[in-house]
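The block underneath contains the structure these notes are about, expressed in structure tokens.
Computed from heavy atoms alone, side chains included, the values below leave out hydrogens, waters and symmetry copies.
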Amino acid sequence: MKLFGIVLAGGEGKRLMPLTELRAKPAVPFGAQYRLIDFALSNLINSGLRQIVVLTQYKSHSLDRHISQVWNTNGLLGSYIASVPAQQRLGKRWFQGSADAILQNLNLIHDERPDYIAVVGADHVYRMDFSQMLEAHIDSGAEATVAAIRQPISLAEQFGVIEVDPDDPTCIHRFREKPQDPAGLPDSPGEVLASMGNYIFTADALVDAIVTDGDEAQSKHDMGGDIIPAFVERGTAGVYDMVRNSVPGSSERDHSYWRDVGTIDSYFEAHQDLISVLPVFNLYNQEWPIFTQQVNLPPAKFTRDARGTLSTVIDSIVAAGSVISGAHIERSVLSAGGIVESGAHVNDAIVFEDARIKPGATIRRAILDKNVVVEAGASIGVDHEADVARGFAVTPSGIVLVQKHAVVRA
């Protein structure tokens, strides 16, 4: 029995602008040292998959480089994780949708001849054992199985919602995209099953469905919008409820955690989940590790400043190579190589790699991209009108985004 992995990583990620202005969405940094794609690949590797392709397209250079540098497996054992860019094998066109991305790369499936195929998204934060989902898929006899997470019924309009057969809660009765009148679950009327964008298919059935969809002129060639509904229509689609998935080392608090970080607000909130005293998502579970690049940097350092003022760091994550000198940091995530100097205050912030925050600067509720320099006495997130005037994006909830290489002056 052979399971082949396909990671869909060609999305543009417009809702995460400006973080995706110069990089693909799966390459967006997360949690001080990771990139979003590390979560999907770690889950697949931890689940026992050893042959995985990552289909890329949009501004993929940093993503391709990350995969080649970090995810270099031992080819002598038949293992590989390969980044596959759009190759225009079916004509002079780019991917027209996630299903079309697979259609244009059917040669990868034909070469490996798997029995089953896991198709997963590249930009969600979660832990999941796909081997358990595969076992459920085989036992059910379904041709397609959709992984689903329970969400409050009030949030149904944000997701693709799965309605189950009342007589068989593992069978999909209807798949609805962002419904306004959702129906609750038979065993929990206040919840719905939301698609996680992760699927397992019987290989031959997926190939047939992809080829058929490719001939449909009216199709949007989307996995969730076109392929899964086709399986539902003929009664061969099953659902895998994440409450059934047991990941080693998980706690009751972070069991079945899943975040779609497709917007700035959800991206920001997912970071807050990391830094609570009892984290909602625990990065420190070494029984199911999240792998990433191990950089050659010294440990983080916390010192007094020249006047003897202590550094204070509260409810925060600080990555290797950072130096905090007489500054105050609270409810924040600082990536590798950051420098925060005397008298600076950083609150509710996400700071990317190699940022420098100089003496007396103030950062509130902001995301600073790579290599940002905040000059002495400057402030971000204090006066939103001033932030907008300097060209920074400000979300309706008040999160300020500072683009790569920006220099913020007082």
Side-chain angles (χ1 to χ4, degrees), residues 15 39-40 43 120-121 123-130 132-133 135-137 139-140 142 144-200 222-225 228-229 231-233 235 237-247 249-282 285 288 395-397 399:
R15 295 181 299 162
F39 294 87
N43 285 319
V120 307
D123 44 28
H124 299 142
V125 177
Y126 66 106
R127 280 189 173 93
M128 179 177 180
D129 185 348
F130 284 95
Q132 296 175 30
M133 182 179 175
E135 184 178 348
H137 172 81
D139 290 345
S140 73
T145 299
V146 183
I149 191 82
R150 294 188 176 217
Q151 295 289 313
I153 196 169
S154 61
L155 301 180
E157 61 183 19
Q158 300 180 22
F159 302 103
V161 171
I162 295 165
E163 295 182 1
V164 299
D165 186 329
D167 297 324
D168 182 0
T170 67
C171 182
I172 300 178
H173 174 67
R174 190 159 58 148
F175 186 89
R176 303 174 65 194
E177 192 67 33
K178 299 180 180 179
Q180 299 297 313
D181 56 341
L185 293 171
D187 64 344
S188 181
E191 293 183 310
V192 295
L193 283 174
S195 171
M196 297 169 60
N198 294 339
Y199 317 101
I200 287 183
D222 181 73
M223 291 299 296
I228 295 302
F231 282 104
V232 172
E233 187 175 341
V239 61
Y240 180 75
D241 189 338
M242 269 290 284
V243 298
R244 302 170 59 188
N245 201 258
S246 179
V247 172
S250 64
S251 66
E252 184 176 346
R253 184 167 171 81
D254 71 352
H255 176 71
S256 297
Y257 180 93
W258 176 83
R259 274 277 195 180
D260 179 355
V261 290
T263 67
I264 293 298
D265 283 345
S266 62
Y267 178 82
F268 186 89
E269 290 163 3
H271 278 83
Q272 295 298 307
D273 290 341
L274 304 178
I275 59 179
S276 59
V277 177
L278 296 174
V280 184
F281 184 76
N282 181 19
N285 177 4
W288 195 272
T395 70
S397 66
I399 301 170

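Between Gly184 and Ile153, the shortest heavy-atom contact is N-CD1, 3.8 Å. What you find for Gly225 and Pro229 is that their closest heavy atoms are O-CG, 3.4 Å. Closest approach of Gly121 to Ala40, counting heavy atoms only: O-CB, 3.4 Å. Residue Pro179 comes nearest to Ala156 through the heavy atom pair CD-O, 3.7 Å, listed as atom of the first residue, atom of the second, then distance. The two atoms that bring Ala144 and His137 nearest to each other are N-CE1, 3.8 Å, heavy atoms only. When every heavy atom of Ala142 is checked against every heavy atom of Ala237, the shortest pair comes out as CB-C, 4.4 Å.
Atom-to-atom distance recorded for Arg127:CZ and Asn245:CG is 12.0 Å, nearest 0.5 angstrom. Expressed to the nearest 0.5 Å, how far OG of Ser195 lies from CD of Glu177 amounts to 8.0 Å. Here the CE-CD1 distance, from Met133 to Ile200, works out to 4.5 Å after rounding to the nearest 0.5 Å. Atom CD in Glu269 sits 12.5 Å away from atom CG in Leu274 (nearest 0.5 Å). With values rounded to the nearest 0.5 angstrom, Phe281 atom CZ is found 10.5 Å from Ser250 atom OG. Note that CD of Glu163 and CZ of Arg176 are 5.0 Å apart. Values are rounded to the nearest 0.5 Å.
One N or O on the side chain of Arg253 and one on the backbone of Leu278 form a donor-acceptor pair closer than 3.5 Å. Looking only at distances, a side-chain donor or acceptor of Gln132 sits under 3.5 Å from a matching main-chain atom of Ser246. A donor-acceptor pair under 3.5 Å is absent between the side-chain atoms of Thr170 and the main chain of Val239, judged by distance alone. Looking at Thr395, its side chain does come within 3.5 Å of a backbone N or O of Ile399 through a donor-acceptor pair. Under a 3.5 Å cut-off, the side chain of Asp254 and the backbone N or O of Ser251 do form a donor-acceptor pair. Looking at His124, its side chain does come within 3.5 Å of a backbone N or O of Met196 through a donor-acceptor pair. Here the side chain of Asp165 pairs no donor or acceptor atom with the backbone of Cys171 at under 3.5 angstrom.
Evaluated for a side-chain contact (heavy atoms from CB on, under 4.5 Å) with Asp241, the options Ile162, Leu193, Ile149 yield exactly one hit, Leu193. With Tyr199 as reference, Val146 is the one residue of Thr145, Val146, Val120 to meet the side-chain contact (heavy atoms from CB on, under 4.5 Å) rule.
Within a 6.0 Å radius of CD in Glu233, no more than 12 heavy atoms belonging to other residues, nucleotides or ligands are found.
Considering only residues two or more places apart in sequence or on other chains, Asp222 meets the salt bridge (charged side-chain N to carboxylate O under 4.0 Å, His left out) condition with none of them. Asp273 is linked by a side chain to side chain contact (heavy atoms under 4.5 Å, CB included) to Tyr257, Arg259, Val280, counting only residues two or more places apart in sequence or in another chain.
Residues Asp265 and Thr263 have side chains that never bring a donor and an acceptor to within less than 3.5 angstrom of each other. When only modelled atom types and interatomic distance are considered, Tyr126 and Asn198 share a side-chain donor-acceptor pair under 3.5 Å. Looking only at atom types and distance, the side chain of Asp129 has no donor-acceptor partner in the side chain of Trp288 under 3.5 Å away.
By the 4.5 Å heavy-atom criterion applied to side chains, Tyr240 and Met128 are counted as neighbours. Under the 4.5 Å side-chain criterion, counting only non-hydrogen atoms from C-beta, Ile172 is not in contact with Val164. Residues Leu185 and Val192 fail the side-chain proximity criterion, which asks for heavy atoms closer than 4.5 Å.
Ring geometry for Trp258 against Phe159 counts as tilted: the plane angle lies between 30° and 60°, on a 0 to 90° scale.
A salt bridge links Arg150 and Glu191; the closest N-O separation between the charged side-chain nitrogens and carboxylate oxygens is under 4.0 Å.
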The test is side-chain contact (heavy atoms from CB on, under 4.5 Å); show your working for Gln180 and Glu157 and say whether it passes. CA-CA 6 Å; Gln180 299 297 313; Glu157 61 183 19; 3.3 Å; yes
